[in-house]
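Written out below as structure tokens is the structure these notes cover.
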Amino acid sequence: MLKPSETAYVPFVSVENMMRLVLYVGVEKMLAELAAEIERDFARWPLFDKTPRVASHSDIGVIELMPTSDGETYGFKYVNGHPSNTRQGLQTVTAFGLLADVATGYPLMLSEMTILTALRTAATSAMAAKWLAPQGATTMAMIGNGAQAEFQALGFKAICGIAEVRLYDIDPAATAKCARNLAGRGLKVVACRSAEEAIMGAQIVTTCTADKQYATILTDNMVGSGIHINAVGGDCPGKTELHRDILLRAGIFVEYPPQTRIEGEIQQLSPDHPVTELWQVIAGQAQGRTDARQITLFDSVGFAIEDFSALRYVHSRLKESGLFQRLDMIADPDDPRDLFGMILRAEAAKAA
Ligand code: NAD
């Protein structure tokens, strides 16, 4: 046999097929379904194998591996973060990921994850806000209108019932792009000329900027009582978005503390500053928002379990949608010990 056996083909979800899947399911429905999948996995958090992601830093960016397993299925994501990429016409964040069967170690699926990361990040943000934001929130400020922005806006519409988004970016072209893409999707979209203008009347503020420095997208005096902050862009050592004083006034909710203490807004605080793990709120083991005046902060950095949930969601849609290609990626001879024989048979076939 020249070709590996049928079981050795690995389904591969290309960028094109991921886009088709989003259109097949519908973007808001897919965001809601991803949020439900992530929430289910957060509810069984203690089951997972957890580790802070493995990061390789350079002066201008980071390349990371994000592994986890629930004992039956293993997943990892490869992801980069290079804020200066956009100046060269490249994405700040690109990713791909893999699911594997723990019982055999064989890959189950390889997938693009640049689009999937934007979807899972928005789904996680909105899922967290569902638990933490003030009741009846209808307006969100969206500061940073780059690649993630529309996904965030639509996630908050689909999952939290947000009706108005107020956009601001230091680059007006990014705001114009975001407003254009969100037109006709059932959201009131307001383009603003400053972060101060964007947060006017907003019960939820999402910061999703990209700059490899300690930035101050929100200062303390901009943040009134009762709001929920969804801080997405501060996700690396030396890369934050909020003034430290805001953190001192907020109830802080995180994904996985050992990773967030290195990468999140809370890298600005002492290592023993109290934080609540979001999964505990979902599992009923910790309180979310305590009162209407509390400032809640989801210090999002992105954790491997969210990628695992997203990959499993895509995997569960493969059969029904048929949106994948088969990759000849595992060398799997009929006699497992005759790996070299595969090459010999290929040589003989070529000569024949
Ligand atoms: P992007 O480069 O496409 O967009 C970032 C936008 O922020 C740009 O339009 C830029 O002009 C704007 N910006 C930079 N500084 C600003 C400032 N001071 N005020 C207002 N706007 C400003 O990047 P992206 O793919 O949209 O990602 C945004 C951020 O989110 C990145 O930092 C990325 O690393 C992070 N991210 C986090 C997660 C997570 O799970 N927490 C997931 C994906 C991306």
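Both counts, for ligands and for their atoms, begin at 1 and track the order of listing.
If you look at Thr92 next to ligand 1, the close heavy atoms, those under 4.0 Å, all belong to the side chain. Only the side chain of Ala174 comes within 4.0 Å of ligand 1, judged by heavy-atom distances. At a heavy-atom cutoff of 4.0 Å, ligand 1 is contacted by the side chain of Asp235 but not by its backbone. Heavy atoms of Arg120 found under 4.0 angstrom from ligand 1 belong exclusively to the side chain. The part of Thr121 lying near ligand 1 is the side chain, judged by heavy-atom distances below 4.0 Å. When heavy-atom distances to ligand 1 are checked against a 4.0 Å cut-off, Asp169 comes that close through both its backbone and its side chain.
The shortest contact between atom 15 (N) of ligand 1 and any protein heavy atom is with Ile170 CD1, 3.4 Å. Closest to atom 3 (O) of ligand 1 among all protein heavy atoms lies Ala147 N, 2.9 Å. Protein heavy atom at the shortest distance from atom 4 (O) of ligand 1 is Gly146 CA, 3.2 Å. At the top of the distance list for atom 41 (N) of ligand 1, counting protein heavy atoms only, stands Ser300 OG, 2.9 Å. Considering only non-hydrogen protein atoms, atom 28 (C) of ligand 1 sits nearest to Cys208 O, 3.4 Å. For atom 29 (C) of ligand 1, the closest heavy atom belonging to the protein is Thr209 O, 3.2 Å.
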Would you check, one step at a time, whether the test salt bridge (charged side-chain N to carboxylate O under 4.0 Å, His left out) holds for Arg120 with Asp307? CA-CA 7 Å; Arg120 79 84 156 115; Asp307 298 309; 2.7 Å; yes
Applying salt bridge (charged side-chain N to carboxylate O under 4.0 Å, His left out), run through Glu347 and Lys350 and close with a yes or a no. CA-CA 5 Å; Glu347 188 182 38; Lys350 203 173 156 211; over 6 Å; no
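Defined by atom type and a distance below 3.5 Å, a donor-acceptor pair is present between the side-chain atoms of Ser309 and Asp41. Counted by atom type alone, Lys50 and Thr68 present zero donor-acceptor pairs between their side chains at under 3.5 Å. Counted by atom type alone, Gln259 and Glu263 present one or more donor-acceptor pairs between their side chains at under 3.5 Å.
Using a 30° and 60° split on the angle between ring planes, Tyr256 and Trp45 fall in the tilted class, from 30° to 60°.
Scanning Arg87, Gln148, Glu241 for the heavy atom closest to atom 43 (C) of ligand 1 points to Gln148.
Near Gly233, with a cut-off below 4.0 Å to any heavy atom, the atoms of ligand 1 are 29 (C), 30 (O), 32 (O), 35 (C). Of all atoms in ligand 1, listed by their number and element, those nearer than 4.0 Å to a heavy atom of Ile217 are 17 (C), 18 (N), 19 (N). Each of the following atoms of ligand 1 lies closer than 4.0 Å to a heavy atom of Lys239: 31 (C), 32 (O), 33 (C), 34 (O). Close approach of ligand 1 to Val301 (heavy-atom distance below 4.0 Å) involves ligand atoms 39 (C), 40 (O), 41 (N). Residue-ligand proximity, Thr86 to ligand 1, at heavy-atom distances under 4.0 Å covers atoms 2 (O).
Distances between N or O atoms of Val232 and those of ligand 1 include at least one value under 3.5 Å.
For Phe96 and Tyr78, the ring centers are positioned less than 6.0 Å apart. Less than 6.0 angstrom separates the ring centroid of Phe308 from the ring centroid of Phe48.
Note that SG of Cys236 is 10.5 Å distant from CD1 of Ile262, once rounded to the nearest 0.5 Å. In this structure, Leu247 CG and Leu269 CG are separated by 5.0 Å, a value rounded to the nearest 0.5 Å.
Annotation: cation-pi pair Arg317/Tyr313 present, NZ/CZ under 6.0 Å from the ring centroid and within 45° of its normal.
Counting only heavy atoms from C-beta outward, the side chains of Thr114 and Gln91 approach each other to under 4.5 Å.
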